[in-house]
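Beneath this line is the structure, given in structure tokens, with notes to follow.
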Amino acid sequence: MLALDPAKNSAGLGALVAAAGAAKEAGLGDEQLVGALKKLSEQIAADPAALLASLTVKSGSKVPVGVSSEQSVWAHNAKKSASPVVPLYPEDGTLSLDYPVVITSKDPVKQRAAAAFQQELGTEAAQKTLREHGFRTPDGKGGSALAEDKGFAAAAPQALPSPDVKNVASMAQMWSRLNLGTRMLALLDVSGTMAYPVPGTGMTRMQAITKIAGEGLALFEADSEIGVWSFSTLLDGQKDYKELISVGPLSEMVDGVPRKQILGQELATVQPKATGDTGLNDTLMAAYAEMKSTYERDKINTILILTDGAGNDDPTGKVTNAQMVEFLKKEYDPKRPVNLLIIAFGPDAPKGKKQMDAMAEASGGEAYIAANILDVRKFFVQGMKRRLCAPNC
């Protein structure tokens with residue numbers, strides 16, 4: 001399925017609004033809608049000509065399908081293409097496009113010229129010209145250009161109710177935020193308890209969480225900027241954390257190897273520190289300072305914490321839980337938000353839920369506890385959904 005970019009094309013935005021309405025009527029949840037939109041965002045064409053041209057290229061036995069305006073289909077086929085496209089009309093109806101004329105110039109001469117042009121558009125001659133170029137009349141009638149023998153429907157498809165301005169603005173904002181770039185620093189717990197087995201999986205907590213983390217990070221596009229630190233206690237001299245890979249584009253080459261490949265290798269080989277405690281607070285303070293100082297406005301800036309503990313458990317730590325929350329409250333800037341996404345699992349996790357919630361709230365983020373290790377997958381999608389409302393969720 002190919003579609004037009006809703007941020008650049010009214011037919012694309014109309015399709016997005018109609019699809020969201022259909023999803024709501026079908027009872028789909030927000031997570032499912034976000035997943036579908038992310039999938040759609042990977043199959044966006046820049047303009048109608050590019051979309052329709054791509055529909056003529058088959059992939060095996062599959063027949064490509066795209067969403068465009070009826071007039072664009074006519075324009076494509078009118079060029080006597082060797083591979084014309086066939087228009088299909090949704091049985092449930094669709095949204096109709098109109099083309100309002102808005103005069104914005106304050107120059108009196110330009111205003112008069114625009115007004116004259118607007119008046120001319122209402123004449124029978126102009127209406128005839130528009131019908132000859134694949135447009136319908138306001139009451140849905142098509143001219144010879146949209147004849148049935150050319151594959152078009154004589155009558156206009158059933159029109160869905162026009163969405164209100166608020167709904168259109170909301171969907172446009174959703175699309176825009178969902179497709180903002182990602183800049184994420186993942187903090188991976190490698191304390192001693194990560195070596196414990198996960199019942200029924202044949203894996204340790206470390207193996208399970210790194211496997212699922214790899215799957216979750218695969219949701220992000222190649223231009224997403226992602227890095228990983230491991231944390232426990234005294235991992236790098238006196239530091240409780242160690243940089244496994246710096247934050248940068250997944251597609252970027254690091255010493256001749258794509259960062260995404262290195263990230264996968266690090267996740268596959270990282271081991272827990274047998275005698276390590278959970279030095280979360282000192283690690284988070286350093287990570288937050290790093291992400292804030294390198295903040296990028298065109299991206300969603302996030303710190304992801306993956307842990308099996310009840311929070312900070314560091315006998316030599318310099319930062320208390322109360323100090324951590326106060327630090328986040330002080331450093332959080334809603335105009336340059338760095339949000340926390342905390343995902344905890346294991347029998348000790350519920351003990352730290354209050355502290356996790358406090359830290360997440362202080363940073364405009366969210367904290368989740370996975371009752372089952374497999375729930376972590378779901379929380380990755382929920383974290384993705386948060387970008388629709390961040391930083392004011």
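All figures in this text were calculated on a predicted structure; none of them were measured in a lab.
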With the side chain counted from C-beta on, respond yes when [X] and [Y] share a heavy-atom pair under 4.5 Å apart, and no when they do not.
X: Asp314; Y: Asn281; result: no
X: Pro48; Y: Leu4; result: yes
X: Asp223; Y: Pro249; result: no
X: Phe231; Y: Leu187; result: yes
X: Leu341; Y: Ile303; result: no

Handout entry: Residues forming a side chain to side chain donor-acceptor pair (under 3.5 Å) with Asp5, sequence neighbours excluded
Key = Trp175

Can you give me every donor-acceptor pair (side chain of residues 116-125, partner residue at least two apart or in another chain, under 3.5 Å) with its distance?
residue	atom	partner	partner atom	Å
Thr123	OG1	Glu120	O	2.7
Thr123	OG1	Ala126	N	3.3
Glu124	OE2	Arg131	NH2	3.0

Handout entry: Under the side chain to side chain contact (heavy atoms under 4.5 Å, CB included) test, residues paired with Glu331 that sit two or more places apart
Key = Tyr288, Lys292, Phe327

Taking salt bridge (charged side-chain N to carboxylate O under 4.0 Å, His left out) as the test, write out the residues that go with [X], two or more places apart.
X: Lys353; value: Asp357
X: Asp308; value: Arg205
X: Glu361; value: none

Practice task
Using atom types as modelled and distance alone, determine if a side-chain donor or acceptor of Gln207 lies under 3.5 Å from a backbone N or O of Thr204.
Solution key: yes

Handout entry: Any donor-acceptor N/O pair, Lys239 side chain to Asp282 backbone, under 3.5 Å
Key = no

Rounded to the nearest 0.5 Å, what separates atom [atom1] in [X] from atom [atom2] in [Y]?
X: Ile305; Y: Leu188; atom1: CD1; atom2: CG; result: 11.5 Å
X: Leu284; Y: Asp240; atom1: CG; atom2: CG; result: 12.0 Å
X: Thr94; Y: Leu88; atom1: OG1; atom2: CG; result: 12.0 Å

Exercise for the section: Would you list the pairs meeting salt bridge (charged side-chain N to carboxylate O under 4.0 Å, His left out) in which at least one residue belongs to residues 295-305, sequence neighbours left out? Expected result: Arg183-Glu296, Glu225-Lys299, Glu296-Lys299

Any side chain to side chain donor-acceptor pair (under 3.5 Å) pairs touching [range], not counting sequence neighbours?
range: residues 65-78; result: Ser69-Ser72, Glu70-Tyr89, Glu70-Arg136
range: residues 256-271; result: Ser246-Arg259, Glu252-Arg259
range: residues 8-18; result: none

For residues 96-109, please give each side-chain donor-acceptor pair under 3.5 Å, one per line with the distance, not counting sequence neighbours.
residue	atom	partner	partner atom	Å
Ser105	OG	Asp107	N	3.1
Asp107	OD1	Val109	N	2.8

Problem - Salt-bridge contact Glu326-Lys330 (side-chain N to carboxylate O under 4.0 Å) - result: no

Handout entry: Set of residues satisfying ring pair (Phe, Tyr, Trp, His ring centres under 6.0 Å) with respect to Tyr241, sequence neighbours excluded
Key = Trp229

Exercise for the section: Determine, using the 4.5 Å side-chain heavy-atom cutoff (strictly less than), whether Met203 and Val270 are members of one ILVMFWY cluster. Expected result: no

